[in-house]
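To find a chain, count down the sequence lines: A is the first, B the second, and so on, and within it residues start at 1. The structure presented is a predicted model; accordingly, all values stated were derived computationally and were not measured.
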Protein chains: 2
Amino acid sequence: MDSMGIMVRKQTAADQALRLDNQICFAVYSTAHAFNRVYKPLLDRLGLTYPQYLVMLALWERDDVPVKDLGERLFLDSGTLTPLLKRLEAAELIRRTRSTEDERVVLIALTPQGHALREKAKAVPQSILAASDCTVGELLAMKDEIVALRDRLNAVLEE
Amino acid sequence: MDSMGIMVRKQTAADQALRLDNQICFAVYSTAHAFNRVYKPLLDRLGLTYPQYLVMLALWERDDVPVKDLGERLFLDSGTLTPLLKRLEAAELIRRTRSTEDERVVLIALTPQGHALREKAKAVPQSILAASDCTVGELLAMKDEIVALRDRLNAVLEE
DNA sequence: CTCAATTGAATTGTGCGCAATATAAATTAT
DNA sequence: ATAATTTATATTGCGCACAATTCAATTGAG
């Protein structure tokens, strides 16, 4: 009966690992969607989707950068960024220009409207903080843990 | 000069809030993508995408359930689930049948192949644990924090 | 200098994710 | 019993995400 007892415990451990509620990946996945839904009404007022908002955040920190640079900062590739950037260009928030030094490079620069939108965006983090119902300190601590996890996962992907 | 000094500090706080590196939402967003990329090669062997894997996890816990039930457990709506479930049906992992009691309801049940896939899936959480380079305890603690955050965000959405 | 290899962006195709709408079945209110 | 409302699923359309491919520009090896 001992061997059977052991088998039962082993099976239980494997079963537990496959439970949705025990998966940190599902926790992260479903939280990302929850954030997206909380952001939506706020970003609608800015005329941005959530990924577009991330691109704008990156550009407000540093613009006049190649698509590649943006992709590295956001962990996105050209297949995602090219059409997204074309939509931001159509909205006249950015300009896309070929670099003269290296014709392969497309430089992304903010337009005056793109810069101006930053003022309206300043209200957003405050609203999110309120929705999260956490202190800034708690959120920053969690953020650091999650980023550390992300970086370890990304490290595995680079072999 | 005092009023100016205060203004500068206020601006700095708002600027900090808009920095990509300070946004927990971006941490969660980019970690979700990192998970997706780590899962991809593992799930390719099972013939599943990551969202399909989540659906299978849910069904392995309890099947013969309405689409609605699945949607509530995964925080997804019919617009996402209907086509995804049709693909799982085409792969013969599930069956979709109208309930006889309530014709509006579509019940999702696992096929024998769908049940069988669970055995192959048991290796997955182990690989993810290794990639995350954390102890089980650390991951579970983080998971609980993230889930708590998700639930607070979702609570705001229900007013 | 030349040609192969590499690089940066764009394109194509598939699969989410969700808002908005549609439709049919069930519930309720009168 | 009939009409109005609600519920469960499906459909359409748009915008990511990403793998795979293409193409032009640049770099590098001989």
Side-chain angles (χ1 to χ4, degrees), chain A residues 25-26 29-41 43-44 47-56 65-91 94 96-108 154 157, chain B residues 25-26 29-41 43-44 47-56 65-91 94 96-108 154 157:
Chain A
C25 65
F26 176 61
Y29 168 90
S30 53
T31 305
H33 291 319
F35 264 122
N36 196 12
R37 289 189 282 262
V38 171
Y39 268 103
K40 181 141 204 323
L43 296 182
D44 279 350
L48 295 174
T49 66
Y50 179 67
Q52 288 168 7
Y53 173 67
L54 292 181
V55 167
M56 293 302 287
V65 292
V67 173
K68 181 105 205 293
D69 182 282
L70 224 40
E72 279 165 8
R73 284 196 271 162
L74 297 168
F75 306 98
L76 295 173
D77 69 5
S78 71
T80 301
L81 286 175
T82 297
L84 185 157
L85 291 169
K86 284 183 177 177
R87 282 186 282 271
L88 289 180
E89 187 181 37
I94 65 162
R96 300 162 63 250
T97 53
R98 289 272 161 195
S99 164
T100 49
E101 295 141 37
D102 186 336
E103 290 281 346
R104 293 170 306 180
V105 171
V106 170
L107 293 172
I108 307 300
N154 281 332
L157 290 169
Chain B
C25 65
F26 177 62
Y29 168 91
S30 53
T31 305
H33 291 320
F35 265 122
N36 196 11
R37 289 189 281 262
V38 171
Y39 268 103
K40 178 135 209 322
L43 296 182
D44 278 350
L48 296 173
T49 65
Y50 179 67
Q52 289 169 6
Y53 173 68
L54 292 180
V55 168
M56 294 303 289
V65 291
V67 174
K68 180 108 205 294
D69 181 284
L70 225 40
E72 278 165 9
R73 287 196 271 160
L74 296 168
F75 306 98
L76 295 173
D77 69 4
S78 71
T80 300
L81 286 175
T82 297
L84 186 156
L85 292 169
K86 285 185 176 175
R87 281 186 283 272
L88 289 180
E89 188 181 36
I94 66 163
R96 299 163 63 250
T97 52
R98 288 271 161 199
S99 163
T100 50
E101 296 139 37
D102 186 338
E103 289 279 349
R104 295 169 304 179
V105 171
V106 170
L107 293 172
I108 307 299
N154 280 332
L157 290 169

Participant: A:L54 has an atom CG; how far is it from atom C1' of D:dG15, in whole Å?
Facilitator: 14 Å
Participant: Please report the distance, rounded to the nearest Å, between CG in A:L74 and C1' in D:dC18.
Facilitator: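 Atom-to-atom, A:L74 to D:dC18, this comes out as 15 Å.
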Participant: What's the closest nucleotide to the A:R104 side chain, out of C:dT11, C:dC16, D:dA24?
Facilitator: D:dA24
Participant: Is there a donor-acceptor pair under 3.5 Å between the side chain of A:T80 and the backbone N or O of A:L76?
Facilitator: no
Participant: Are any side-chain N or O atoms of A:R96 and backbone N or O atoms of A:E89, one a donor and one an acceptor, separated by less than 3.5 Å?
Facilitator: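 No; zero donor-acceptor contacts below 3.5 Å.
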Participant: Could you check A:V106 against A:L85 for side-chain contact (heavy atoms from CB on, under 4.5 Å), going step by step and ending with a plain yes or no?
Facilitator: CA-CA 11 Å; A:V106 170; A:L85 291 169; over 6 Å; no
Participant: Please state whether the phosphate of C:dT14, meaning OP1 or OP2, lies under 4.0 angstrom from any side-chain nitrogen or oxygen of B:K40.
Facilitator: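 For B:K40, the contact criterion (side-chain N or O under 4.0 Å from OP1 or OP2 of C:dT14) is not met.
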Participant: Please report the distance, rounded to the nearest Å, between CG in A:D77 and P in C:dA9.
Facilitator: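 Going from A:D77 (CG) to C:dA9 (P), I get 12 Å.
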Participant: To the side chain of B:T49, which of D:dT9, C:dG15, C:dA9 is closest?
Facilitator: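 Ranking D:dT9, C:dG15, C:dA9 by closest atom to the B:T49 side chain puts C:dG15 first.
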Participant: Quick check on D:dT11: is either OP1 or OP2 less than 4.0 Å from any side-chain nitrogen or oxygen of B:K86?
Facilitator: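 Yes, B:K86 has a side-chain N/O under 4.0 Å of OP1/OP2 on D:dT11.
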Participant: Starting at the 5' end of DNA chain D and moving along, which residue's nearest nucleotide shows up first, A:E103 or B:N36?
Facilitator: B:N36
Participant: How long is the line joining CG of B:L70 and C1' of D:dA10, in whole Å?
Facilitator: 16 Å
Participant: Considering only side-chain heavy atoms of A:P51, which listed nucleotide, C:dA10, D:dC16, C:dG17, is closest?
Facilitator: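 Looking only at side-chain atoms, A:P51 lies closest to D:dC16.
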Participant: Could you check whether the side chain of B:S78 and the base of D:dA10 have a donor-acceptor pair of N or O atoms closer than 3.5 Å, going by distance alone?
Facilitator: yes
Participant: Would you check, one step at a time, whether the test side-chain contact (heavy atoms from CB on, under 4.5 Å) holds for B:T49 with B:R87?
Facilitator: CA-CA 11 Å; B:T49 65; B:R87 281 186 283 272; over 6 Å; no
Participant: Aromatic contact between A:F35 and B:Y29, with the criterion being ring centroids under 6.0 Å apart: yes or no?
Facilitator: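 No.
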Participant: Separation of A:L48 atom CG from D:dC14 atom P, in whole Å?
Facilitator: 19 Å
Participant: Are any of B:Q52's side-chain N or O atoms less than 4.0 Å away from OP1 or OP2 of C:dG15?
Facilitator: no
Participant: Once you round it to whole Å, what is the distance between P of D:dA8 and NZ of B:K68?
Facilitator: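 Taking atom P of D:dA8 as the reference, NZ of B:K68 is at 4 Å.
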Participant: How would you label the contact of A:P83 with the nucleic acid (heavy atoms, under 4.0 Å): base, sugar-phosphate, or nothing?
Facilitator: nothing
Participant: Under 4.0 Å, counting only non-hydrogen atoms across every strand here, what does B:L81 touch: a base, just sugar-phosphate, or nothing?
Facilitator: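 No contact at all - B:L81 keeps every heavy atom at 4.0 Å or more from the nucleic acid.
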Participant: Does B:T82 or A:R87 map to a spot on DNA chain D nearer the 5' end, using the closest nucleotide for each?
Facilitator: B:T82
Participant: From CD of B:E101 over to C1' of C:dT27, roughly how many Å is that when rounded to an integer?
Facilitator: 16 Å
Participant: For A:S99 and A:D102, indicate whether the former's side chain and the latter's backbone hold a donor-acceptor pair under 3.5 Å.
Facilitator: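 Yes, the answer is positive, given that a donor and an acceptor are paired below the 3.5 Å cut-off.
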Participant: Between C:dA9, D:dA17, C:dC18, which nucleotide gets closest to the side-chain atoms of B:Y29?
Facilitator: D:dA17
Participant: C:dA10 phosphate, OP1 or OP2: any side-chain N/O from A:R96 under 4.0 angstrom?
Facilitator: yes
Participant: Look at the side-chain N and O atoms of A:T80 and state whether any lies under 4.0 Å from the OP1 or OP2 oxygen of D:dA17.
Facilitator: no
